[in-house]
Amino acid sequence: MLPSIVLFAGLVNLVSSAAVNDIRPLVIWHGMGDTYASPGMDRFQNEVKEMHPGIFIHSIFINEDPNLDQRAGFYGNVNQQIMQVAQQLADIPELSRGFDAIGFSQGGQFLRGYVERNNSPPVHNLITFGSQHMGVSGLPACNAWDLLCQAARRAANMGVYSQWAQENLIQAQYFRDPQRLSQYMSSGSFLPDINNEVLHPSSRNPSYADNLASLNKLVLVLFLQDNTVVPKESAWFASEQPLEDIAMDQLSGIDQTPMLGGVNTKDIIPMRLQTLYKEDWIGLRQLDESGRVEFVACQGEHMQIGDCWKDLVAEWAGGSLHAN
């Protein structure tokens, strides 16, 4: 009887292993001021592993030294970082069949950049928390003790659209000034590209729309009391009224109030009124009209996630690799 018992146990282990291997992996990208191996990121990964036993999680890093990885969230070239990350993900065997992805703050639009430009291996579900998809019109505030952040903010304020800033200051590369949209489009090195907001329509990259529209689900999380991201509605692909290029009367008679429970947002253009949405420059409209965009509002300041993430990660991470 012993051989039969051993054989049965082997079969059970084989089935169990196959079930674990069938779980879609998860990739996460931290936000400004954080590191890939911080206590908060480690705690998040451990809680996800408790929720989805057997899941493989990779935390993206620009440098394996945590101090240098944190610095790379302020200083560096976003385009080069995304290229580096694309190679990093391609070299991980566990990710070869695709994965879900979570981006915290600026990590969210960086992951979207990966989806649009590379997406090999492909992203299935993308969840972004408080991300600046339509940029910021005010540079993120810094904590009084955060000297690294303060130095980067001062440097960016001196010339946010200068060549040096656009090549070396991370936050400058997604700064979208509503009073200088032409300069943003002509000088911006990162965000105008992945949003296909270019001065010449012939310069738009149609593959960006194809790649983003290949997502199974795009989950956009906004923090209702967010005072760090300006405007906070950027997390939902909304932006401030572009004073330079669009007169106010062009939007008269149109309900501009997004889903914020009565918050006054009269100077905010919601996602569905954005030109990039209406003309579907990046595939966002295709995603939305097929029911694959989820808008989520969380109570709290920027990145005060609390338990808001749990239902989202339970639903949109840890699924089967064979699920459609």
Side-chain angles (χ1 to χ4, degrees), residues 76-87 90 103 106-120 122-123 126 128 131-137 156 159-215 218 220 231 233-247 250-251 269-289 293:
N77 185 293
V78 178
N79 297 317
Q80 293 176 5
Q81 290 184 0
I82 291 176
M83 289 177 60
Q84 176 185 341
V85 166
Q87 186 60 57
Q106 65 186 24
Q109 67 259 28
F110 298 168
L111 275 169
R112 177 166 67 86
Y114 165 80
V115 171
E116 293 183 16
R117 291 175 175 174
N118 305 93
N119 210 34
S120 180
V123 175
L126 174 60
T128 67
S131 299
Q132 302 86 14
H133 290 294
M134 290 299 291
V136 293
S137 52
V160 71
Y161 290 127
S162 68
Q163 182 177 351
W164 184 86
Q166 289 297 314
E167 291 178 356
N168 295 281
L169 299 177
I170 299 297
Q171 286 70 49
Q173 292 163 56
Y174 56 83
F175 188 85
R176 189 179 188 272
D177 190 338
Q179 300 188 60
R180 294 186 289 169
L181 281 187
S182 296
Q183 189 174 10
Y184 155 79
M185 288 188 284
S186 63
S187 302
S189 59
F190 167 65
L191 190 67
D193 180 72
I194 66 162
N195 282 357
N196 264 333
E197 293 182 291
V198 294
L199 291 174
H200 304 291
S202 60
S203 299
R204 290 195 187 103
N205 191 328
S207 69
Y208 290 1
D210 293 338
N211 288 340
L212 191 68
S214 73
L215 288 174
L218 174 62
L220 304 172
E233 294 85 1
S234 184
W236 283 353
F237 277 93
S239 66
E240 287 190 27
Q241 174 72 38
L243 304 178
E244 175 187 356
D245 298 323
I246 299 178
Q250 286 182 259
L251 295 174
I269 299 179
M271 181 187 79
R272 295 185 181 104
L273 295 183
Q274 298 286 348
T275 305
L276 70 78
Y277 176 90
K278 292 187 289 186
E279 298 184 5
D280 210 16
W281 294 346
I282 61 172
L284 190 58
R285 182 171 180 171
Q286 183 179 341
L287 272 176
D288 183 42
E289 291 183 344
V293 178

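Any value given below was found using the heavy atoms of this structure, including those in side chains, with hydrogens, waters and symmetry copies removed.
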With rounding to the nearest 0.5 angstrom, report the CG to CD distance, D177 to E240.
8.5 Å

Below 4.5 Å, heavy atoms only, C-beta onward: do L181 and R176 meet side chain to side chain?
yes

G135 and S234: which non-hydrogen atoms are nearest, and at how many Å?
O-OG, 2.8 Å

Inter-residue atom distance M134.CE - M271.CE, 0.5 Å rounding
11.0 Å

Taking side-chain hydrogen bond (donor to acceptor under 3.5 Å, both in side chains) as the criterion, tell me which of N195, D193, N196 meets it with Y208.
D193

Show the nearest heavy-atom pair for residues A165 and A172, with the distance to one decimal.
O-CB, 3.9 Å

Checking side-chain contact (heavy atoms from CB on, under 4.5 Å) for the pair N118/I82: CA distance, chi angles, key distance, verdict?
CA-CA 9 Å; N118 305 93; I82 291 176; 3.9 Å; yes

With distance as the sole test, does D280 use its side chain to make a donor-acceptor pair with the main-chain N or O of A209 at under 3.5 Å?
no

Please report the C-alpha distance between L111 and V123 in whole Å, then the side-chain angles of each, then the deciding distance to 0.1 Å, and finally whether the side-chain contact (heavy atoms from CB on, under 4.5 Å) criterion is met.
CA-CA 9 Å; L111 275 169; V123 175; 5.7 Å; no

Side chain proximity check, L126 to R112, heavy atoms < 4.5 angstrom
yes

Indicate the atoms forming the closest heavy-atom contact of A238 with P270, along with that distance.
CB-CA, 3.8 Å

May I ask you to test the L191-F175 pair for a side-chain heavy-atom distance under 4.5 Å?
no

Check whether N79 reaches the backbone of M83 with its side chain - one donor and one acceptor, N or O, closer than 3.5 Å.
no

Taking atom CG of L199 and atom CD of Q183, what is their separation to the nearest 0.5 Å?
11.0 Å

What distance do I194 atom CD1 and N211 atom CG have between them, rounded to the nearest 0.5 Å?
12.5 Å

Point-to-point distance, once rounded to the nearest 0.5 Å, from CG of L220 to CG of D288:
9.5 Å

Restricting to non-hydrogen atoms, name the atom on S189 and the atom on P192 that form the minimum distance, rounded to 0.1 Å.
N-CD, 4.5 Å

Donor-acceptor side-chain pairing of Q132 and Q171 below 3.5 angstrom
no

side-chain contact (heavy atoms from CB on, under 4.5 Å) for Q81 and I170? Distances and angles first, verdict last.
CA-CA 10 Å; Q81 290 184 0; I170 299 297; 3.8 Å; yes

Any donor-acceptor pair under 3.5 Å from S131 side chain to T128 backbone
no

Verify the distance criterion only: is there a donor paired with an acceptor across the side chains of R117 and N205 at less than 3.5 Å?
no

Within the 4.5 Å heavy-atom criterion, are I269 and Q274 side-chain neighbours or not?
yes

L212 to G283 - nearest heavy-atom pair and separation
CD2-C, 4.5 Å

Identified ring pair (Phe, Tyr, Trp, His ring centres under 6.0 Å) counterpart of H133 within the set Y174, Y277, F237:
F237

Would a distance-only check, ignoring hydrogens and angles, find a side-chain to backbone donor-acceptor pair under 3.5 Å from Y114 to Q109?
no

Between S187 and Q166, a side-chain donor and acceptor under 3.5 Å
no

OG of S203 to CE of M185: how many Å apart, nearest 0.5 Å?
11.5 Å

Is any side-chain heavy atom of V198 closer than 4.5 Å to one of W281?
no

